[in-house]
S.K.: 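Here it is: the structure, laid out below.
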There are 2 protein chains.
Amino acid sequence: MENPRELFQIMTRRFGLLNKYCCSVGGCDISLAQSHLLYEIDRRHKPSMQEVAEALGTEVTTFSRQVQSLIQMNLVKKTPDPNDRRVYTLSLTAEGNMIAGMIDQQMNDYLDEVFSYMTEFEKETVLRSVKLFNEAMGKSSRCCAPVTG
Amino acid sequence: MENPRELFQIMTRRFGLLNKYCCSVGGCDISLAQSHLLYEIDRRHKPSMQEVAEALGTEVTTFSRQVQSLIQMNLVKKTPDPNDRRVYTLSLTAEGNMIAGMIDQQMNDYLDEVFSYMTEFEKETVLRSVKLFNEAMGKSSRCCAPVTG
DNA sequence: AACTAAAACTTGCAATTTACAACTATAGGT
DNA sequence: ACCTATAGTTGTAAATTGCAAGTTTTAGTT
């Protein structure tokens, strides 16, 4: 377990499974991809399609269709940008917002449980570490830069 | 950025993109799902199909076909278990091992670069934190337990 | 003003991936 | 011998994806 990649791989796999699991809990039943979409739209301020697609590492063409189905489910709203009529900005509907909130709640509930196996100090250290690591990843010149907040 | 889920979500997204990126680098060109398969088979000692499928959170039926294509690509080997003839154990071929090694190398190279933006102390803290967090996740009674090493 | 190139997004279509149900074969208990 | 459970595979239909080609709008050039 000295291999850094190993550590991160395990962690992200577990977290990914949690994400998947939280999609079909408490009345909401959406796919993992859709959950990521809601999360990312929620997080940003009226993002364009391109912006979100790039953040998620998804082909724009695929993304376009994913958005369409979320619109049909009445979770996402697509508004023409008055400044540039090629662009559409995305936002969550009231219902989309509610579902995103429920997922977030469940995720944090789970994380709380995980943190309950640590001391308060350890928890703080872990959170600071993740934050630090995210910042370092942001500085990296290599791949994965687009995910920046 | 005080939301724990946010921190982990960003990190895992970035790491996921890195994983994806590393699939198509240096002569190897496989899908992300295939990379995960190789990784997990490599990590375990002659695992059964069920075992790996469960670790990855994949339907066994889907998994069965994924393995088939990796066998066709001559990256994975499937051996009948002498003790229980219902079971097949999985292992990497020489070529599969090489590709898994290359991906691992690239991932660690990238992580090295990320760590170069931190002090040695911070790096150690981050690695210990991730390890600690993984252990805590392992203790959790809720979902995602199967991923245990 | 007309022309051209590029950007943002969508659609057609073919190929891959996936999921559920039904199947085979082996194991294990009674 | 019989019944049930487990490991894995296959059929088939549906969902996801990716590339190429399309539309519309913007911006730069002459």
Side-chain angles (χ1 to χ4, degrees), chain A residues 13 16-17 19-21 23-24 28-41 44-73 75-91 146, chain B residues 13 16-17 19-21 23-24 28-41 44-73 75-91 146:
Chain A
R13 165 124 60 241
L17 288 179
N19 244 324
K20 190 168 156 188
Y21 172 76
C23 284
S24 48
C28 104
D29 198 17
I30 61 178
S31 77
L32 182 57
Q34 290 173 334
S35 165
H36 283 297
L37 260 166
L38 294 184
Y39 174 80
E40 207 58 35
I41 294 175
R44 295 168 185 265
H45 179 65
K46 297 220 166 263
S48 72
M49 310 260 301
Q50 300 269 1
E51 184 183 341
V52 181
E54 193 168 319
L56 294 173
T58 312
E59 278 274 317
V60 204
T61 156
T62 300
F63 185 78
S64 170
R65 279 182 256 247
Q66 289 174 338
V67 167
Q68 281 171 24
S69 59
L70 285 174
I71 289 177
Q72 280 217 323
M73 296 165 78
L75 300 179
V76 164
K77 214 169 24 187
K78 205 170 74 176
T79 318
D81 183 334
N83 300 326
D84 184 339
R85 281 158 60 197
R86 291 170 303 180
V87 176
Y88 289 88
T89 59
L90 299 172
S91 54
Chain B
R13 166 123 59 238
L17 288 179
N19 243 325
K20 191 168 157 187
Y21 172 76
C23 284
S24 48
C28 106
D29 197 18
I30 62 178
S31 76
L32 182 57
Q34 290 174 333
S35 165
H36 283 297
L37 261 167
L38 295 184
Y39 174 79
E40 206 59 34
I41 294 175
R44 294 169 185 264
H45 179 65
K46 298 221 165 261
S48 72
M49 311 259 302
Q50 299 271 358
E51 184 183 341
V52 182
E54 193 168 319
L56 294 173
T58 312
E59 278 275 316
V60 204
T61 158
T62 300
F63 185 79
S64 171
R65 279 183 255 246
Q66 288 173 338
V67 167
Q68 281 171 24
S69 59
L70 284 174
I71 289 176
Q72 281 218 322
M73 297 164 78
L75 301 178
V76 164
K77 213 170 23 186
K78 204 170 74 177
T79 317
D81 184 334
N83 300 326
D84 184 338
R85 283 158 60 196
R86 290 169 304 179
V87 176
Y88 289 88
T89 59
L90 299 172
S91 54

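Numbers restart at 1 for each chain; the letters A, B, ... are given by sequence-line order, proteins then strands. Here the structure is a predicted model, which is why all the values come from computation and not from measurement.
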S.K.: Over how many whole Å does the gap from B/Leu32 atom CG to D/dT16 atom C1' extend?
M.R.: 15 Å
S.K.: Starting from the first five and the last five pairs of the helix from C/dA1-D/dT30 to C/dT30-D/dA1, work out the angle between the resulting helix axes, to 10 degrees.
M.R.: 20°
S.K.: Which letters describe nucleotides 9-20 of chain C, given B = protein heavy atom under 4.0 Å from base, S = only from sugar-phosphate, - = neither?
M.R.: SSBBB----SBB
S.K.: For the residue pair A/Tyr39 and B/Arg13, what are the closest heavy atoms and their distance?
M.R.: CD2-NH2, 3.4 Å
S.K.: Working to the nearest 0.5 angstrom, can you tell me the gap between B/Leu75 CG and B/Ser35 OG?
M.R.: 11.0 Å
S.K.: Return the value, rounded to whole Å, for the distance between atom CD of B/Glu54 and atom C1' of D/dA7.
M.R.: 13 Å
S.K.: Looking only at heavy atoms, which two atoms of B/Val87 and B/Ser48 are closest? And how far apart?
M.R.: CG1-CB, 3.8 Å
S.K.: Go through B/Ile41 and B/Val76 one step at a time and tell me if the side chain to side chain contact (heavy atoms under 4.5 Å, CB included) criterion holds.
M.R.: CA-CA 9 Å; B/Ile41 294 175; B/Val76 164; 4.0 Å; yes
S.K.: Write down the atom of B/Ala55, the atom of B/Glu40, and the distance for their closest heavy-atom approach.
M.R.: CB-OE2, 3.9 Å
S.K.: Over how many whole Å does the gap from A/Leu56 atom CG to D/dG18 atom P extend?
M.R.: 13 Å
S.K.: Between A/Asn83 (CG) and C/dA8 (C1'), how many Å, whole number?
M.R.: 15 Å
S.K.: For the pair A/Lys20 (side chain) and B/Gly57 (backbone), establish whether a donor and an acceptor sit closer than 3.5 Å, ignoring hydrogens and angles.
M.R.: yes
S.K.: Check whether B/Thr89 reaches the backbone of B/Thr79 with its side chain - one donor and one acceptor, N or O, closer than 3.5 Å.
M.R.: yes
S.K.: For B/Ile71 and D/dG8, give me the distance from atom CD1 to atom C1', rounded to whole Å.
M.R.: 12 Å
S.K.: Rounded to whole angstroms, how far apart are CD on A/Gln72 and P on D/dA15?
M.R.: 12 Å
S.K.: Let me know which of A/Thr58, A/Leu56, A/Val52 forms a side chain to side chain contact (heavy atoms under 4.5 Å, CB included) with A/His36.
M.R.: A/Leu56
